[in-house]
Amino acid sequence: MFGLGTLSRVAKEIRHDVAAAHDRDPAARGVSSSEILLSWPGVHALLAHRVAHALHGAGVPVVPRTIAYGTRAITGIEIHPAAKIGPGLFIDHGMGVVIGETAEIGRNVTLYQGVTLGGTGFACGKRHPTIEDNVTIGSGAKLLGPLRVGHGSKVGANTVVVNDVPPNTTVVGNPGHPVRVDGRRPEGPDADWVHLPDPMADALRAISNRLAALERAVADLGGPDAEEASAKAKVHELRAVKGPSPAGG
C-alpha cells in the first residue's frame, strides 16, 4: 500500500540521488542540493519515477504512466513506472535515456545520455537488462535483452551489449567485447573512454603484421630472381566481352 513508509523510502532514495549528482557530476561542485533538485533533469526524472513506481506498486491505475509520459516530455528521459531502480543512480544530462519495464538497476550506477536498457522481440516476462551495483554505462550504449551486467563493470560509449557482462569488466564495440583497461580493473565512474582498447582493431593489426612477415619470408626464399619476375609479371586488364553469355540465356 501507498503509505507513510513508502513516502519515507521515496524521500530517502531522492536524497541518495541528489548526493550521487554531487559526487559524480563536476558541474555540481559548489552547487546546493536544492539547486540540483530544481535544475538537474536526471534528478527530476528520478524524482518522478520514484513516485510513479510507488503508485504503480500500490496498484494505482493511469497515474503512474501519466507521470512517466510527462517526465519524458519535459526531460527527454523515459523510465517505465515498473522499472526497479536502486538508490544513488546518476543520469548525466540524460537526453534520450530509455529504461524499460523489467529493467533492474542496483546501487550507485551512472548512466550517460542516450543509454538504452531495452528489450528484444515481443516476449513476455523478464526482457530488459539487470544492472548490478557500481556500474558505469557510456553515452549511446545499447543494452538489449534480459542480460546481466556484473558489479563494477563499465560499458563504453556506443557499445551494443547483448550478452552477460562479468563483474569488473570493461566492454566496448558492436557487439560488445570484454576488455581490460591497462591490464587492470578501472576504478570509479571516470573511465578513460578515449583510450579504451579495441579488440577488433587489435586482431586486424595482428593479421596485417603477420601477412607482411609472410610476404618477406616468401621473397627471401625466392631470391632476387623471384622478385624481378614478380615485377615483370603481365597484368591483363578486364574488358567487356560482347556476344552471348557463356552462362547461357
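FYI, side chains are in, hydrogens and waters are out, and symmetry mates aren't considered; it's all heavy atoms of this structure. Remember, it's a predicted structure, so these values are computed and weren't measured experimentally.
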If we only count heavy atoms from C-beta on, is the Leu111 to Leu89 side-chain gap below 4.5 Å? yes
When rounded to the nearest 0.5 angstrom, what distance separates CD1 in Ile67 from CG in Leu47? 9.5 Å
Student check: side-chain heavy atoms of Asn174 and Asn158 closer than 4.5 Å: no
I'd like to know if the side chain of Ser208 and the backbone of Leu204 have a donor-acceptor N/O pair within less than 3.5 Å. no
With Ser153 as reference, evaluate Thr170, Val165, Val171 under the side chain to side chain contact (heavy atoms under 4.5 Å, CB included) test and give the passing residue. Val165
First locate atom CG of Asp23, then atom CG of Asp25, and finally report the distance between them rounded to the nearest 0.5 Å. 10.5 Å
Any chance you could lay out the side-chain contact (heavy atoms from CB on, under 4.5 Å) test for Ile131 and Leu143, step after step, and finish with the verdict? CA-CA 10 Å; Ile131 312 300; Leu143 288 75; 3.8 Å; yes
Shortest non-hydrogen separation from Ala21 to Ala28 and the atoms involved: O-CB, 3.5 Å
Quick one: are Leu46 and Glu13 in side-chain contact, heavy atoms under 4.5 Å? no
So, for Ala48 and Thr71, which heavy atoms are closest and what is the spacing to 0.1 Å? CB-OG1, 3.1 Å
How close do Thr159 and Gly176 get, counting heavy atoms only, and between which atoms? CG2-CA, 3.8 Å
Looking at every non-hydrogen atom in both residues, tell me the closest pair between Tyr112 and Ser139 and how far apart they are. CB-OG, 3.5 Å
From Val31, Ile91, Val18, residue fulfilling side chain to side chain contact (heavy atoms under 4.5 Å, CB included) relative to Trp40: Val31
Using a 4.5 Å cut-off on heavy atoms from C-beta on, say whether the side chain of Ile85 contacts that of Val109. no
Report yes or no: does His22 contribute a side-chain atom to a donor-acceptor pair with the main-chain N or O of Arg29 at less than 3.5 Å? no
Given 3.5 Å as the limit, does a donor-acceptor pair link the side chain of Asp164 with the main chain of Arg148, or not? yes
Value for CD (Glu78) from CZ (Arg72), rounded to nearest 0.5 Å, stands at 4.5 Å
Of the non-hydrogen atoms in Pro81 and Pro64, which two are nearest, and what is the gap between them? CG-O, 3.6 Å
Lys142 (side chain) donor-acceptor with Gly114 (main chain) under 3.5 angstrom: yes
So, His49 side chain and Ala83 main chain: donor-acceptor pair closer than 3.5 Å or not? yes
Any donor-acceptor N/O pair, His93 side chain to Met95 backbone, under 3.5 Å: no
Do Ile137 and Leu117 touch side chain to side chain, with heavy atoms closer than 4.5 Å? yes
Can you see which heavy atom on Thr169 is nearest to which on Pro178, and at what distance? CG2-CB, 3.6 Å
Please check this pair: side chain of Thr116 against backbone of Gly118, looking for a donor-acceptor N/O pair closer than 3.5 Å. no
Check the pair Arg65 / His80 against side-chain contact (heavy atoms from CB on, under 4.5 Å), numbers first and verdict last. CA-CA 8 Å; Arg65 290 183 181 273; His80 193 283; 3.4 Å; yes
Under a single-linkage definition using a 4.5 Å side-chain heavy-atom cutoff for Ile, Leu, Val, Met, Phe, Trp and Tyr, are Ile99 and Leu147 assigned to the same hydrophobic cluster? yes
Could you walk me through whether His44 and Ile77 pass the side-chain contact (heavy atoms from CB on, under 4.5 Å) check? CA-CA 10 Å; His44 294 166; Ile77 300 169; over 6 Å; no
Are Phe90 and Ile14 connected in a single hydrophobic cluster, I mean Ile/Leu/Val/Met/Phe/Trp/Tyr linked by side-chain heavy atoms less than 4.5 Å apart? yes
Please check: side-chain N/O of His53 versus main-chain N/O of Lys84, any donor-acceptor pairing under 3.5 Å? no
Donor-acceptor contact below 3.5 Å, side chain Thr136 vs main chain Thr110: no
Using a 4.5 Å cut-off on heavy atoms from C-beta on, say whether the side chain of Glu101 contacts that of Arg127. yes
Return yes if some donor-acceptor pair links the side-chain N/O of Lys126 with the main-chain N/O of His128 below 3.5 Å, else return no. yes
Between Tyr69 and Ile74, is there a shared hydrophobic cluster once you connect ILVMFWY residues whose side-chain heavy atoms come closer than 4.5 Å? no
